[in-house]
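Below: one structure, written as structure tokens.
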Amino acid sequence: AQKITQTQPGMFVQEKEAVTLDCTYDTSDQSYGLFWYKQPSSGEMIFLIYQGSYDEQNATEGRYSLNFQKARKSANLVISASQLGDSAMYFCAMRESPNTGNQFYFGTGTSLTVIP
Amino acid sequence: ETGVTQTPRHLVMGMTNKKSLKCEQHLGHNAMYWYKQSAKKPLELMFVYSLEERVENNSVPSRFSPECPNSSHLFLHLHTLQPEDSALYLCASSQDRTDIYGYTFGSGTRLTVV
């Protein structure tokens, strides 16, 4: 079974609007971390935001926020006030049992296009 | 120069060629990783090096051969590749293998096997 599922291959959003990118995950671990990365056309994976499984509050980093619903195993990324530079691929990732150095599991990504 | 640098950015090679991908980090990190990114597939972890020692090899075919001569450099040696090996190869580093936050990726090498 897929550890990370991103069901939106492509999304469009009007500039200055907010957009939600969906991510669901599958784990039986109690301790895990959830991540979102942005990959522009240059190829580099840029870390955006992190949510720990024990964090009670949703993570926020500037215009990025993570809508963490633990019972539903979802970790959606919300981008507020979209900008043209937000056009990129977005990957959701999970790390199980962070303290044992396990690998990341990545989703297939969502391509976001911001329309002027 | 800071961050993780990968060279070359693009590589086209024939199936009988031998080439190498290079990754360099100046972050003082002790763990380095090779990932393969194919279209419409999740990133696949290929190799993990911690303190220059290979600690993980995720069932990667022997036509991919990694080398980590020191903590700042990581190579991926390629020989007799197949067309299905065409992909973006990403290098990443972190302070150590348990570092949650500090995964830094390079920009990747776009490999095309003809």
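Each chain gets a letter, A, B and so on, in the order the sequences are listed, and its residues count up from 1.
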If you define the side chain from C-beta out and look only at heavy atoms, does anything of A/Phe47 sit under 4.5 Å from B/Phe105? no
Interatomic distance, CD@B/Gln37 vs CE@A/Met89, rounded to 0.5 Å, equals 7.0 Å
To the nearest 0.5 angstrom, please state how far the CD atom of B/Glu44 sits from the CZ atom of A/Phe106. 12.0 Å
Main chain of A/Ser42, side chain of B/Arg9: is a donor-acceptor contact present, judged purely on distance under 3.5 Å? yes
Could you look at A/Gln6 and say if it's the side chain, the backbone, both or neither that has a heavy atom under 4.5 Å from chain B? neither
Consider only side-chain heavy atoms of I, L, V, M, F, W and Y, link residues closer than 4.5 Å, and tell whether A/Leu84 and A/Tyr64 are in one cluster. yes
CG (B/Leu43) and CD1 (A/Ile4) are apart, to the nearest 0.5 Å, by 12.0 Å
Please determine whether side-chain contact (heavy atoms from CB on, under 4.5 Å) holds for the pair A/Phe104 and B/Tyr33, giving the CA-CA distance in whole Å, both sets of side-chain angles, and the decisive distance to 0.1 Å. CA-CA 11 Å; A/Phe104 277 93; B/Tyr33 314 81; over 6 Å; no
Cluster link B/Leu78 to B/Phe75, ILVMFWY, side chain under 4.5 Å: no
Please determine whether residues A/Trp36 and A/Tyr105 belong to a single hydrophobic cluster, defined as Ile, Leu, Val, Met, Phe, Trp and Tyr linked transitively by side-chain heavy-atom distances below 4.5 Å. yes
B/Leu88 side chain reached by A/Gln39 side chain, heavy atoms, under 4.5 Å: yes
Looking at B/Glu84, I want to see if its CD is surrounded by more than 12 non-hydrogen atoms of other residues, nucleotides or ligands under 6.0 Å. yes
For B/Lys19, does the NZ atom have more than 12 heavy-atom neighbours from other residues, nucleotides or ligands under 6.0 Å away? no
NZ/A/Lys70: more than 12 non-hydrogen atoms of other groups inside 6.0 Å: yes
Close side-chain approach of B/Leu90 and A/Met45, heavy atoms under 4.5 Å: yes
Determine whether more than 12 heavy atoms belonging to other residues, nucleotides or ligands lie under 6.0 Å from atom CD of B/Gln82. yes
Can you find a pair of side-chain heavy atoms, one from B/Tyr103 and one from A/Arg95, that are under 4.5 Å apart? yes
